[in-house]
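We count ligands from 1, going down the list as the structure has it; atoms in each ligand are counted the same way.
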Amino acid sequence: MTIASTSPPREREKSVKGASGSHGLQMPPSDHVPGKYTGPSREEVLAMRRQYANPAIFTLYGEPLLIVEGHMQWLFDETGKRYLDMFAGIVTVSCGHCHPKIVAAIEKQTETLQHATTIYLHPNMPMLAKKLASKMPEGLDVTYFVNDGSEANDLAVTMARLFTGNSDVIALRNGYHGGSPSSIGLTSHNTWKFPIPSALGIHHAVSPDPYRSPFAGTPEEIASKSAQDILEIIRYSTPGKIAAFIAEPIQGVGGATYGARNYLREAYKITRDNGGLCIADEVQTGFGRTGDHYWGFENFDVIPDFVTMAKGIGNGVPLAAVTTRMEIAQALTQRIHFNTFGGNPVCMAAGLAVLDVIDEDGLQENSRVIGKKLKDGLRELAKSHQLIGDVRGMGLMLGVELVRDRKTKEPAKKETLAVLETAREIGVLIGKGGLDGNVLRIKPPMCITAEDADFTLDVLDRALTAANS
Ligand SMILES: Cc1ncc(COP(=O)(O)O)c(C=O)c1O
């Protein structure tokens, strides 16, 4: 099954009552019929959560959605109402909800052997490691599997420190690398940080994103000045040697921000000249999402020393990984290091199926084609909606920054929430990001179609108009 398709002319009937209500927009059809939901009511679920779940666990909408079924790019609530999922469970459902091939692989492995740990041999773990190596630049061929992106980044930093003998790590402002006690130190948003020490030996360099840069100049000049900031940090705030530089090729939680193409090249050179290793956090950008390339870093002509992965590698199962070179990985053998679920046969089966599906279903190409269509459409919308300050991203990793005033760039926080709510009412789920929560994040399962992209654009047109009135 190949999904990539060129977009047909936009000739949808806008006046027909849509699949999701009387808003007049026609949702693309789906032949999936959701099962009858027989579980606790939405109110009961909400009450249980309020009473028994840690209150730090938050929901997105004013009226939280109860989602009980998924099929490819579609989600269903308890009433059977269908939603187009343009956020993919926070950029995680890479291939589509409950993709039949991935479900079958998980079911088969679950029935055979669910867990044993890596103290015994099982074929799935080295098979997935080998398959990942086949997708990496030469030499990046040794993988350690863990459960989530935070763990993957923690482990990469640990290995970098052990291998180099240095301690300082440079991350980027506006980056997100996780919420564990050490990865939260790499993360650079006050909204995620608690008033407890976390960033020992971690420094944050200026983000190269030209839209809100403190530097002036062309995007390329801003990228160079931002890379120089790494050198300044090394000179002023470290012993002159660092363990690592970590960056998302495109910042995800930060709102699809990134520098001009020369940034990572210059940043990696400065890092290596000063004893450090380079970590590409591909938790959101990996597995074909950026369209032109399988890995985000390839868009910038660099080769990292570590690639950290999570989210899309499992299409929804807890699976993450760090790939590096053998000589670096050796540094971890000086003590015992173990992860109970790392390499779990069921998660490995899912990962193997995900990698197959991305190739078989043409998902990278689909990301390129549909991503371009969406980005072009968003740029069109920017012509008529003053709220849109910036449209950016690659493939199906897109961000739309909303501002009250294009000159002052005052973040349009309330308006962003209003857009999300209107889109949800019509039937499209979109994410939110950026330090001020004023960036629409569009990062759907990579199986969406041209019709889904058109529908999303129509819905956003409607929602942006409503948010501004
Ligand atoms: C780029 C990036 N790195 C790391 C993480 C942390 O991953 P996890 O939530 O699986 O620990 C995230 C999560 O959003 C992320 O977006």
Side-chain angles (χ1 to χ4, degrees), residues 54 56-58 60 87-94 144-158 160 169-189 191-194 198-199 202 204 207-209 244-259 264 278-287 289-290 295-297 299-300 304 306-323 339 341-342 344 347 350-351 354 393-399 431-435 437 439 441-444:
N54 187 307
I57 301 169
F58 57 92
L60 185 55
F87 200 30
I90 316 194
V91 211
T92 297
V93 180
S94 44
Y144 198 126
F145 292 103
V146 289
N147 307 293
D148 62 34
S150 306
E151 279 187 342
N153 285 327
D154 287 346
L155 193 53
V157 168
T158 299
V169 174
I170 299 181
L172 285 188
R173 289 194 193 148
N174 200 44
Y176 185 88
H177 298 288
S180 65
S182 40
S183 66
I184 196 73
L186 302 169
T187 292
S188 173
H189 274 179
T191 40
W192 297 95
K193 285 179 180 284
F194 294 100
S198 65
I202 295 170
H204 292 101
S207 156
D209 165 37
F245 166 75
I246 181 168
E248 303 154 85
I250 301 176
Q251 295 178 326
V253 174
T257 39
Y258 53 100
L264 282 183
C278 299
I279 306 170
D281 180 337
E282 293 278 348
V283 167
Q284 294 204 18
T285 45
F287 302 98
R289 179 163 290 281
T290 63
W295 301 111
F297 62 78
N299 294 290
F300 301 91
F306 296 93
V307 179
T308 58
M309 298 153 263
K311 292 185 182 277
I313 186 178
N315 199 49
V317 306
L319 170 56
V322 191
T323 298
N339 188 305
F341 290 109
N344 171 274
C347 297
V354 165
M394 296 181 196
L396 286 175
M397 174 136 185
L398 299 172
K432 177 169 76 77
L435 181 61
V439 183
R441 290 167 67 196
I442 300 174
K443 304 164 179 184

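The shortest side-chain heavy-atom distance between R289 and P444 falls under the 4.5 Å cut-off. Side-chain contact between F145 and F341 is absent, with no heavy-atom pair separated by less than 4.5 Å.
Applying the side-chain contact (heavy atoms from CB on, under 4.5 Å) test between T92 and each of Q284, K311, K443 identifies K311 as the sole match. Partner F306 forms a side-chain contact (heavy atoms from CB on, under 4.5 Å) with one of V157, V322, D281, L155 and no other, that one being V322.
The two residues S94 and V354 have their closest heavy-atom pair at OG-CG1, 4.0 Å.
Residue contact check: K311 has heavy atoms under 4.0 Å from atoms 12 (C), 13 (C), 14 (O), 16 (O) of ligand 1. For ligand 1, the atoms sitting less than 4.0 Å from at least one non-hydrogen atom of N153 are 3 (N), 4 (C), numbered in the order shown with element in parentheses. For ligand 1 and G149, the ligand atoms under 4.0 Å from any heavy atom of the residue are 6 (C), 7 (O), 8 (P), 10 (O), 11 (O). The contact set between ligand 1 and E248, taken as ligand atoms under 4.0 Å from a residue heavy atom, comprises 1 (C). Counting atoms of ligand 1 from 1 in the listed order, those under 4.0 Å from a heavy atom of S150 are 6 (C), 7 (O), 8 (P), 11 (O).
Between E151 and ligand 1, not a single N/O pair is under 3.5 Å apart.
With a 4.0 Å cut-off on non-hydrogen atoms, D148 touches ligand 1 through its backbone as well as its side chain.
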